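Notes follow once the structure below has been shown.
Everything quoted here is computed from the prediction, not taken from an experiment. For the numbers below, each heavy atom of this structure counts, side chains included, while hydrogens, waters and symmetry mates do not.
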Amino acid sequence: MISTKIKDVDMVFETAPSIFSPNSIDQGTLAMLSVIDFLPSDKVLDLGCGYGVVGILAGKLIGEQNVIMCDVSEQAIESAAMNLRLNNVPEISIRLSDGYKNVAETDFTLILSNPPYHADFSVPKHFIEVGFKKLVLGGKLVMVTKRLDWYKNKLTSVFGGVKIHEINGYYVFVAEKRISAQKEKEKTTNSLSKKLQRKQQRKKMNRRK
């Protein structure tokens, strides 16, 4: 049993040896939470929730109905479900899901993830690319890792930019969904089309003179 206080919220967690960081709250997770302020208007996805630290904290701060938790591990989901009850937030939605597979919602303001460090990059690639589509405009994807370059480059290519906080040997990435490059392209195309239309109209008027 882990007893802890994060953001002045007391919590307890039952864990299991097979789940990530079973003996204490992971320092990367704590680093990520240190840069986040949960707002009452937020809708939060705890992506790869483990035994539930991030999602349960969010639920206690902004309400159970505003949080979804998911993980690919059945053991993690079982422990997280137990911890929802232990921490009096049983109404948080918790799902067994490989990435976003069982997460249909597309209206998140915050997606938080501590992806596996030692896996290949296919997992975080999926988290980042699909995460962009799952966020509302102005929503943020927040990730913590010990790797810098790949995440910096990938998040910048998808989101157009990323803020990076270095905390206790971890990198916390905060990427905000802004108007996509495609929309910017469409705006430019539409603007050019209007210019061409005006140019054609001038030519027609000149021919009539």
Side-chain angles (χ1 to χ4, degrees), residues 1-34 36 38 42-131 133-135 139-146 170 172-173:
M1 175 84 73
I2 298 172
S3 297
T4 188
K5 177 181 282 191
I6 305 173
K7 295 186 182 292
D8 293 324
V9 176
D10 290 312
M11 295 177 289
V12 293
F13 298 98
E14 287 281 3
T15 70
S18 60
I19 304 173
F20 175 65
S21 193
N23 299 316
S24 62
I25 307 300
D26 170 63
Q27 291 299 308
T29 297
L30 293 175
M32 178 173 65
L33 289 170
S34 73
I36 296 300
F38 294 103
D42 278 331
K43 181 167 181 179
V44 175
L45 174 63
D46 181 2
L47 179 62
C49 64
Y51 51 82
V53 177
V54 173
I56 288 170
L57 175 64
K60 282 185 159 291
L61 290 171
I62 64 172
E64 299 162 76
Q65 72 281 2
N66 297 317
V67 181
I68 294 174
M69 298 163 56
C70 68
D71 202 289
V72 69
S73 163
E74 291 186 10
Q75 178 70 67
I77 291 297
E78 289 175 8
S79 290
M82 180 188 305
N83 289 326
L84 294 185
R85 296 189 293 273
L86 284 175
N87 290 279
N88 300 311
V89 283
E91 299 303 315
I92 290 176
S93 176
I94 186 167
R95 304 170 191 179
L96 182 67
S97 181
D98 185 359
Y100 301 96
K101 186 174 181 181
N102 292 326
V103 181
E105 292 83 352
T106 57
D107 59 344
F108 295 104
T109 61
L110 278 175
I111 298 174
L112 298 108
S113 182
N114 186 349
Y117 302 150
H118 305 297
D120 63 42
F121 288 116
S122 63
V123 173
K125 181 175 182 288
H126 167 71
F127 283 9
I128 292 167
E129 292 178 350
V130 180
K133 300 173 185 176
K134 295 288 186 181
L135 289 165
K140 295 175 181 178
L141 174 63
V142 185
M143 308 182 85
V144 59
T145 80
K146 285 191 171 182
Y170 292 88
V172 181
F173 302 87

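- Within the 4.5 Å cutoff, the side chain of Glu64 has heavy atoms near those of the Pro90 side chain.
- Identified under the salt bridge (Lys or Arg N to Asp or Glu O under 4.0 Å) test for residues 43-59, with sequence neighbours left out: Lys43-Asp107.
- For Asp10, the side chain to side chain donor-acceptor pair (under 3.5 Å) criterion is met by no residue, not counting sequence neighbours.
- Partners of Glu105 according to the salt bridge (charged side-chain N to carboxylate O under 4.0 Å, His left out) rule, which considers only residues two or more places apart in sequence or in another chain, are Arg95.
- One finds the OG1 atom of Thr15 at 5.0 Å from the CD1 atom of Ile2 (value rounded to the nearest 0.5 Å).
- Judged as a side chain to side chain contact (heavy atoms under 4.5 Å, CB included), and not counting sequence neighbours, the contacts of Lys125 are Glu129, Trp150, Lys154.
- For the atom pair CD1 of Ile92 and NZ of Lys60, the computed distance is 9.0 Å after rounding to the nearest 0.5 Å.
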Item to complete: Go through Leu61 and Asp42 one step at a time and tell me if the side-chain contact (heavy atoms from CB on, under 4.5 Å) criterion holds.
Response: CA-CA 10 Å; Leu61 290 171; Asp42 278 331; over 6 Å; no
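- Listed by chain and residue number, nothing satisfies the side chain to side chain donor-acceptor pair (under 3.5 Å) test with Asn66 (two or more places apart in sequence, or in another chain).
- The shortest side-chain heavy-atom distance between Lys133 and Thr106 does not fall under the 4.5 Å cut-off.
- Between Asn87 atom CG and Ile56 atom CD1 the span is 4.5 Å, to the nearest 0.5 Å.
- Distance CG/Leu57 to CG/Leu112: 10.0 Å, rounded to 0.5 Å.
- Checked against side chain to side chain contact (heavy atoms under 4.5 Å, CB included), Thr145 has the following partners two or more places apart in sequence or in another chain: Pro115, Tyr117, Arg147, Tyr151, Phe173.
- No side-chain heavy atom of Cys70 sits under 4.5 Å from any side-chain heavy atom of Ile77.
- Every residue two or more places apart in sequence or in another chain that forms a side chain to side chain donor-acceptor pair (under 3.5 Å) with Asp26 is listed here: Thr29, Asn114.
- Ser73 meets the side chain to side chain contact (heavy atoms under 4.5 Å, CB included) test with Asp71, Gln75, Ala76; sequence neighbours excluded.
- In this structure, the separation between CD1 on Ile111 and CG on Leu135 is 4.0 Å, given to the nearest 0.5 Å.
- Contact annotation: the side chain of Asn83 approaches that of Glu14 to within less than 4.5 Å [non-hydrogen atoms, C-beta and beyond].
- Closest non-hydrogen pair, Gly99 versus Phe127, comes out as CA-CE1, 3.9 Å.
- Taking Phe108 as the reference, nothing meets the ring-ring contact (aromatic ring centres under 6.0 Å, His included) condition, with sequence neighbours excluded.
- In this structure, Ile68 CD1 and Cys49 SG are separated by 11.5 Å, a value rounded to the nearest 0.5 Å.
- Applying the side chain to side chain contact (heavy atoms under 4.5 Å, CB included) test to Val130 and every residue at least two apart in sequence or in another chain returns Tyr100, His126, Lys134.
- With hydrogens and angles disregarded, a donor-acceptor distance shorter than 3.5 Å links the side chain of Lys7 to the backbone of Leu33.
- Leu30 is not listed as a side-chain neighbour of Tyr170, based on a closest heavy-atom distance of 4.5 Å or more.
- In this structure, Val89 and Val67 have side chains that are not in contact, with every pair of non-hydrogen atoms separated by 4.5 Å or more.
- Between Ile19 and Ser79, the shortest heavy-atom contact is CD1-OG, 3.1 Å.
- The ring pair (Phe, Tyr, Trp, His ring centres under 6.0 Å) contacts involving residues 63-96 comprise nothing, where partners must be two or more places apart or lie in separate chains.
- Within the structure, ring pair (Phe, Tyr, Trp, His ring centres under 6.0 Å) contacts touching residues 2-34 (residues at least two apart or in different chains) are Phe13-Tyr51.
- Val72 and Leu96 get closest at one heavy-atom pair: O-CD1, 3.5 Å.
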